[in-house]
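All values derive from a computational prediction rather than experimental measurement.
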Amino acid sequence: MGSFILARLVRAIIVLISTVTVVFIVLRLSGDSAQQMLSDTASPEALAAFRAKWGLDRTIFEQYLLYVGNALRGDFGTSYADGREVFDVVSERIPKTLLLTVSAFILSILIGVPAGILAAVRRESAVDKGVMAGAVLGYSIPNFLLGLVFVFVFAVWLRVLPSSGNTTWNHMILPVATFALFNAAAIARFMRSTLIDVLGQPYIAAARADGIPNWEIILRHALPNAAIPMVTTLGFTAGGLLGGAVLIEPVFAWPGLGSGFVAATSSGDLSVVQAMILLFTAFMVTINLTVDVLYAVLNPKIRKH
């Protein structure tokens, strides 16, 4: 088990290093931050002074070595926009995003898992078809479009919920619902297909032949075995939450990492963009590593690969 975790950890570190390198180079080749941050009428002298202030007049290789050296000491640079430390700019947005994404993740499990179980147990029934129709619809609609629909219906038309902001609990309802329903649809579909596959196994047929009640077969025999592949699905769902925040938070003006990333990208604030991408990658890598370990615990055969 120790060698398995070590191998996955080394792979995770390689992914982080590769991501930092690629993102660093691509961001600097994609445009001139000086022109993005300053006005179109900025003089050549002002542009040159900006590049010199932030080290953008050096070669990419020199900038990269300086960035990596500082990052290893915990210094991720300074925001071009307001002169604050990047760590402060990013960290102040993390609680808002965690509040939104964790709430949505829990709600998506509470909706998706029971719905998938119900559809699998009542296979080919009207309940099954209804659940799957809702799941296909929820998963097919892009989450940002679903958010806009919710804003129109509940904020503009019915006027029962606020469309933006974060000052009250009511402001959480629409963004959390948007996140949760999209993810719950995927969880329900996978839960149904996984449980149906398990219920078709010979040992389930043997349990039924022994006269074991159906509810006991599902709870004690089917669900524990269906939980193994579900770990992977839930891991991917959790890993995609930060990426989804980039699309959802701007729709509801939620002041989290997603909105901050969009704003920093639009303005060319490279230091903030780099730090946020590094954070997103580290989060995804951590989730994948956790899923690998849980999978190995639940299924010892995985450790051999």
Side-chain angles (χ1 to χ4, degrees), residues 1-28 60-61 63-77 85-95 97-106 108-109 113 179 183 186-187 190 194 224-246 256-258 260-261 264 270-305:
M1 188 66 176
S3 59
F4 174 85
I5 295 177
L6 180 61
R8 295 304 191 273
L9 187 59
V10 170
R11 184 185 302 176
I13 294 173
I14 293 174
V15 170
L16 281 175
I17 294 174
S18 301
T19 301
V20 169
T21 303
V22 172
V23 167
F24 189 93
I25 294 174
V26 169
L27 285 177
R28 278 155 182 76
I60 292 180
F61 183 69
Q63 293 180 52
Y64 177 75
L65 291 180
L66 181 62
Y67 177 77
V68 171
N70 290 335
L72 291 175
R73 295 194 298 269
D75 180 7
F76 295 97
E85 293 294 322
V86 168
F87 181 84
D88 295 332
V89 174
V90 174
S91 61
E92 71 182 12
R93 291 179 174 271
I94 292 177
T97 295
L98 285 179
L99 177 63
L100 186 65
T101 54
V102 172
S103 300
F105 182 63
I106 294 173
S108 65
I109 293 175
V113 171
F179 254 129
N183 290 322
I187 292 173
F190 194 82
T194 301
N225 287 285
I228 297 177
M230 275 302 299
V231 168
T232 303
T233 299
L234 294 178
F236 283 134
T237 301
L241 289 175
L242 287 185
V246 175
L257 292 171
F261 179 78
L270 294 186
S271 297
V272 175
V273 174
Q274 288 168 180
M276 287 191 173
I277 292 178
L278 179 59
L279 178 62
F280 294 163
T281 305
F283 178 77
M284 190 66 182
V285 166
T286 301
I287 291 295
N288 287 338
L289 181 61
T290 303
V291 168
D292 284 343
V293 173
L294 288 176
Y295 216 90
V297 171
L298 295 172
N299 187 1
K301 295 180 181 178
I302 300 296
R303 305 174 198 173
K304 300 177 182 180
H305 300 285

Report task. Could you check Asp75 against Glu85 for side-chain contact (heavy atoms from CB on, under 4.5 Å), going step by step and ending with a plain yes or no? Result -> CA-CA 8 Å; Asp75 180 7; Glu85 293 294 322; 3.7 Å; yes

Report summary line: The side-chain hydrogen bond (donor to acceptor under 3.5 Å, both in side chains) partners of Arg28 (sequence neighbours excluded) come to Gln63, Gln274

Query raised in the report: Which heavy atom of Ile287 sits nearest a heavy atom of Gly235, and at what distance?
Result: CG2-O, 3.1 Å

Query raised in the report: Got a second to check how far Ile60's CD1 is from Leu65's CG, nearest 0.5 Å?
Result: 12.0 Å

Query raised in the report: Can you check side-chain contact (heavy atoms from CB on, under 4.5 Å) on Leu16 and Val20, steps first, answer last?
Result: CA-CA 6 Å; Leu16 281 175; Val20 169; 5.5 Å; no

Report summary line: Separation between CZ (Phe236) and CE (Met284), nearest 0.5 Å, reads 6.0 Å

Query - Minimum side-chain heavy-atom gap Asn183-Leu241 below 4.5 Å - result: yes

Report task. Determine whether Thr19 and Val285 make a side-chain contact, defined as any pair of heavy atoms from C-beta on separated by less than 4.5 Å. Result -> no

Report task. Under the side-chain contact (heavy atoms from CB on, under 4.5 Å) rule, what do Ile187 and Met230 come out as? Steps first, then yes or no, please. Result -> CA-CA 8 Å; Ile187 292 173; Met230 275 302 299; 3.8 Å; yes

**Report entry** Pairwise distance OG(Ser108) to CG(Leu234) - rounded to 0.5 angstrom
**Finding:** 7.5 Å

Query raised in the report: Hey, are the side chains of Leu99 and Ser103 touching, using non-hydrogen atoms and a 4.5 Å cut-off?
Result: yes

Report summary line: Distance col, row Thr281:OG1 vs Ile277:CD1, nearest 0.5 angstrom, shows 7.0 Å

**Report entry** Which residues share a ring-ring contact (aromatic ring centres under 6.0 Å, His included) with Phe24, sequence neighbours left out
**Finding:** Tyr64, Tyr67

Query raised in the report: Minimum heavy-atom separation for Ala245 to Phe179, with atom names?
Result: N-CZ, 3.3 Å

**Report entry** Listed partners of Phe261 passing ring-ring contact (aromatic ring centres under 6.0 Å, His included), at least two apart
**Finding:** Phe280

Query raised in the report: If you measure from CG on Asn288 to CZ on Phe283, what distance do you get to the nearest 0.5 Å?
Result: 10.0 Å

Query raised in the report: What's the shortest heavy-atom distance between Ser271 and Val86, and which atoms?
Result: CB-CG2, 3.5 Å

Query raised in the report: Does any N or O in the side chain of Thr97 come within less than 3.5 Å of the main-chain N or O of Leu257, such that one atom is a donor and the other an acceptor?
Result: yes

